Amino acid sequence: MTLKWVDSLEIALELLEQYPDVEPETIRFTDLNQWILALDCFDDDPSHCNERVLEAIQANWIAEK
């Protein structure tokens, strides 16, 4: 499974699995961006990310926590 920026829920679930003890509300977007890019299953152009994309991923992560 390869994840793209549009897969906000799936990315959030991967982050939840990778970082179960992290409170997603406390993460800076710069860190969130780096963590997403470091996911083994993530494969998309880093320049296609923006604040709105990161907000959607963070919101899904919060909802799933």
Side-chain angles (χ1 to χ4, degrees):
M1 171 176 75
T2 301
L3 298 177
K4 306 288 185 191
W5 290 117
V6 296
D7 302 317
S8 59
L9 177 58
E10 291 82 4
I11 292 171
L13 294 172
E14 286 291 323
L15 292 169
L16 180 60
E17 186 176 309
Q18 292 271 331
Y19 306 99
D21 298 329
V22 171
E23 293 299 326
E25 302 91 351
T26 65
I27 298 172
R28 295 185 316 223
F29 281 168
T30 54
D31 293 334
L32 181 58
N33 186 39
Q34 291 303 312
W35 290 3
I36 294 165
L37 293 174
L39 292 173
D40 289 337
C41 57
F42 185 80
D43 183 30
D44 203 353
D45 186 343
S47 68
H48 290 167
C49 181
N50 58 42
E51 189 172 330
R52 198 163 125 198
V53 170
L54 294 174
E55 285 173 350
I57 294 167
Q58 184 185 43
N60 279 309
W61 191 357
I62 291 167
E64 294 297 320
K65 184 111 173 121

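Computed from a predicted model, the values in this text were never measured in an experiment.
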With a 3.5 Å distance limit and no angle check, can you tell me whether [X] reaches the backbone of [Y] through a side-chain donor-acceptor pair?
{"X": "E25", "Y": "I62", "result": "no"}
{"X": "W5", "Y": "D45", "result": "yes"}
{"X": "K65", "Y": "P20", "result": "yes"}
{"X": "N60", "Y": "I57", "result": "no"}

Same cluster or not: are [X] and [Y] linked, directly or through other Ile, Leu, Val, Met, Phe, Trp or Tyr residues, by side-chain heavy atoms under 4.5 angstrom apart?
{"X": "L32", "Y": "F42", "result": "yes"}
{"X": "L54", "Y": "L9", "result": "no"}
{"X": "F29", "Y": "V6", "result": "no"}

Hey, what do you get for [atom1] ([X]) to [atom2] ([Y]), rounding to the nearest 0.5 Å?
{"X": "I27", "Y": "N33", "atom1": "CD1", "atom2": "CG", "result": "12.0 Å"}
{"X": "Q34", "Y": "R28", "atom1": "CD", "atom2": "CZ", "result": "11.0 Å"}
{"X": "I36", "Y": "L3", "atom1": "CD1", "atom2": "CG", "result": "10.0 Å"}
{"X": "Q58", "Y": "L15", "atom1": "CD", "atom2": "CG", "result": "10.5 Å"}
{"X": "E10", "Y": "L39", "atom1": "CD", "atom2": "CG", "result": "12.5 Å"}
{"X": "W61", "Y": "I11", "atom1": "CH2", "atom2": "CD1", "result": "11.5 Å"}

For M1 against E14, the heavy-atom pair lying closest together: CE-OE2, 4.1 Å
Heavy-atom closest pair, residues K4 and D7: N-OD2, 2.7 Å
side-chain contact (heavy atoms from CB on, under 4.5 Å) evaluation trace for V53 with H48: CA-CA 9 Å; V53 170; H48 290 167; over 6 Å; no
